[in-house]
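Heads up: the structure comes next, in structure tokens.
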Amino acid sequence: MTNALMTDQSIRITQPDDWHLHLRDGAALTTTVAHTAERFARAIVMPNLKPPITSVAAARDYRARILDAIPQGLSFEPLMTLYLTDDLSPDEITAARESGLIIAVKYYPAGATTNSDSGVTEISKSYSVIERMIDEGMPLLLHGEVTNPEIDIFDREQCFIDEVLDPLTQRYPELKVVLEHITTKNAVDFVNSQKDNIAATITVHHLLYNRNDLLAGGVRPHFYCLPILKRNTHQQALLNAASSGSRQFFLGTDSAPHEQDRKESDCGCAGIYSAPAAIELYAEVFESLNALDKLEGFASFFGPDFYGLPRNKNSINLTKTPWTMDQDFQFDNSCVIPIRAGETISWQLGKDS
């Protein structure tokens with residue numbers, strides 16, 4: 001059932017979910033949880049903390065800290081994940097399913113991105129865990145890049161598909177897989193060639209920007225993310241996929257906050273903080289494609305359908321009312337610079353209906 005209602009100046013859709021989110025921990029949760037809970041009913045929370053979330057007990061404790069940070073009057077459900085390591089036990093997968101709290105397992109190639117040092121060194125070391133995941137019906141979420149330093153950073157997603165993902169799906173054709181934050185036409189083509197147990201999330205920043213935005217005229221650290229922004233032909237493939245109506249592509253912001261001084265440094269952190277305007281910016285993108293009628297499926301339906309969860313019953317309103325994004329937000333003892341800081345955003349989130 002749809003709640004969609006569109007006019008020239010407003011759109012009402014079923015409340016969306018975020019199927020890929022970084023909230024961090026500690027005092028930072030005061031900021032990050034509020035921004036997401038204002039927009040999304042649920043979110044899959046990434047487990048790459050220090051130390052990583054590798055047990056049901058740790059996930060339960062982290063979830064409690066997130067729940068404590070939800071502002072009064074808002075309803076939000078964090079969907080927890082386990083961090084796949086070379087040493088993760090298959091029995092932890094069974095415990096995760098029985099807990100009712102863990103929705104998926106996240107694969108990071110060791111060293112691929114923020115706090116990924118504990119990631120998988122060789123996918124074959126995880127076969128026993130993957131086989132238990134199939135038994136338990138638990139999806140595998142993939143950061144799809146190889147980490148071989150000899151591979152060009154702009155080619156690492158394509159190499160991952162060829163060297164890891166394609167052999168993995170051939171070995172385990174029944175495994176549910178989400179290729180996270182895809183950035184290339186290669187990834188779009190791969191997902192389109194697969195059955196409906198293979199899906200992908202698409203971030204708003206990979207829809208909005210390409211590598212010229214990162215590099216042309218000077219390096220812009222707040223556009224630095226992993227997987228890195230690609231050329232505009234890949235960006236166009238993502239735009240086509242997101243607005244296609246295919247149920248295999250759905251919203252995942254990969255909103256990833258870092259302190260300003262850690263972003264603006266010689267070794268800047270990878271991540272773009274989009275949570276304070278995520279659904280509004282997706283609306284901008286879909287409007288630019290003349291595809292606002294496809295936003296609800298991408299943002300609100302295809303994710304829960306893939307995960308076997310009920311669609312949300314509440315709705316949100318978005319109005320064509322320009323507003324200016326804050327320059328920064330409090331983030332622990334520092335600040336975080338959001339996407340489009342100080343710039344105008346054309347769609348504004350309204351009240352629940």
Side-chain angles (χ1 to χ4, degrees), residues 19-20 44 46-48 52 54 81-94 96-97 102-113 116-153 155-202 226-227 234 237-238 241 246-250 252 254 302-303 306-308:
W19 300 98
H20 184 119
I44 288 187
M46 293 296 104
N48 59 329
T54 58
T81 58
L82 293 183
Y83 188 117
L84 185 61
T85 70
D86 289 346
D87 301 320
L88 189 68
S89 167
D91 290 340
E92 198 67 35
I93 302 301
T94 299
R97 176 57 72 195
I102 313 297
I103 194 170
V105 175
K106 181 61 184 282
Y107 165 95
Y108 291 102
T113 188
S116 63
D117 293 344
S118 300
V120 174
T121 59
E122 169 57 52
I123 190 66
S124 62
K125 295 183 178 181
S126 299
Y127 284 167
S128 62
V129 173
I130 290 170
E131 288 160 7
R132 186 67 63 88
M133 290 172 63
I134 294 170
D135 293 341
E136 300 292 350
M138 185 167 288
L140 179 64
L141 315 183
L142 298 171
H143 181 112
E145 292 186 287
V146 298
T147 56
N148 183 342
E150 296 180 1
I151 304 298
D152 189 287
I153 191 170
D155 297 331
R156 290 179 182 180
E157 183 172 278
Q158 177 182 350
C159 288
F160 179 87
I161 293 168
D162 295 340
E163 298 175 7
V164 179
L165 181 55
D166 188 42
L168 180 68
T169 55
Q170 290 189 43
R171 182 183 179 93
Y172 298 113
E174 66 273 47
L175 177 67
K176 293 192 77 170
V177 172
V178 179
L179 185 56
E180 303 273 36
H181 45 50
I182 61 171
T183 64
T184 61
K185 183 178 184 297
N186 310 84
V188 171
D189 291 345
F190 178 84
V191 173
N192 278 329
S193 72
Q194 302 298 306
K195 296 180 180 178
D196 60 8
N197 61 313
I198 309 296
T201 56
I202 304 178
L226 290 173
H234 292 298
L238 300 181
S246 169
R247 307 175 71 84
Q248 290 172 272
F249 301 99
F250 43 83
D254 192 22
F302 303 156
F306 179 85
Y307 282 96

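Ring pair Phe160/Tyr107 is tilted by interplanar angle, where 30° to 60° counts as tilted. Aromatic ring orientation, Tyr83 versus Tyr108: tilted (interplanar angle from 30° to 60°).
Atoms CG and CG, from Asp254 and Leu226 in turn, are 9.5 Å apart once rounded to the nearest 0.5 Å. Annotation: the span from Tyr307 atom OH to Lys176 atom NZ amounts to 8.0 Å, rounded to 0.5 Å. In this structure, Lys125 NZ and Leu88 CG are separated by 14.0 Å, a value rounded to the nearest 0.5 Å. The distance from atom OG1 of Thr169 to atom CZ of Phe190, rounded to the nearest 0.5 Å, is 4.0 Å. Atoms CD and CD1, from Glu136 and Ile93 in turn, are 8.5 Å apart once rounded to the nearest 0.5 Å. Atoms CD1 and CZ, on Ile102 and Arg97 in that order, are 10.0 Å from each other to the nearest 0.5 Å.
Inter-residue side-chain proximity for Ile198 and Leu165 is flagged as unmet; no heavy-atom pair is nearer than 4.5 Å. Side-chain contact between Pro47 and Leu82 is absent, with no heavy atoms from C-beta onward closer than 4.5 Å. Taking 4.5 Å as the limit, every side-chain heavy atom of Asp87 sits out of range of all side-chain heavy atoms of Thr54. Side-chain contact between Met133 and Pro90 is absent, with no heavy atoms from C-beta onward closer than 4.5 Å. Two residues are said to be in side-chain contact when any heavy atoms from C-beta on lie closer than 4.5 Å; His234 and Val188 fail this criterion. Considering only heavy atoms from C-beta on, Gln158 stays 4.5 Å or farther from Ile161 through its side chain. In this structure, Thr201 and Ile44 have side chains that are not in contact, with every pair of non-hydrogen atoms separated by 4.5 Å or more. At least one side-chain heavy atom of Leu141 sits under 4.5 Å from a side-chain heavy atom of Met46.
The aromatic ring centroids of Phe306 and Trp19 lie 6.0 Å or more from each other.
The shortest non-hydrogen separation linking Pro167 to Asp162 is CD-O, 3.5 Å. Across all non-hydrogen atoms, the minimal contact from Phe250 to Ala199 is CE2-CB, 3.5 Å. Between Ala104 and Met138, the closest heavy-atom pair is CA-CG, 3.7 Å.
Of the candidates Val105, Val177, Asp135, Ile123, Ile123 is the only one forming a side-chain contact (heavy atoms from CB on, under 4.5 Å) with Ile130.
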Hey, mind stepping through Asp86 and Val120 against side-chain contact (heavy atoms from CB on, under 4.5 Å) and telling me if it holds?
-> CA-CA 5 Å; Asp86 289 346; Val120 174; 3.7 Å; yes
Intermediate values then yes/no, side-chain contact (heavy atoms from CB on, under 4.5 Å), His20 and His143 | CA-CA 11 Å; His20 184 119; His143 181 112; over 6 Å; no
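Every pair passing side-chain hydrogen bond (donor to acceptor under 3.5 Å, both in side chains) that includes a residue from residues 189-198 is listed here, sequence neighbours excluded: Lys185-Asp189.
A donor and an acceptor atom, one from each side chain of Glu157 and Thr184, are located under 3.5 Å apart.
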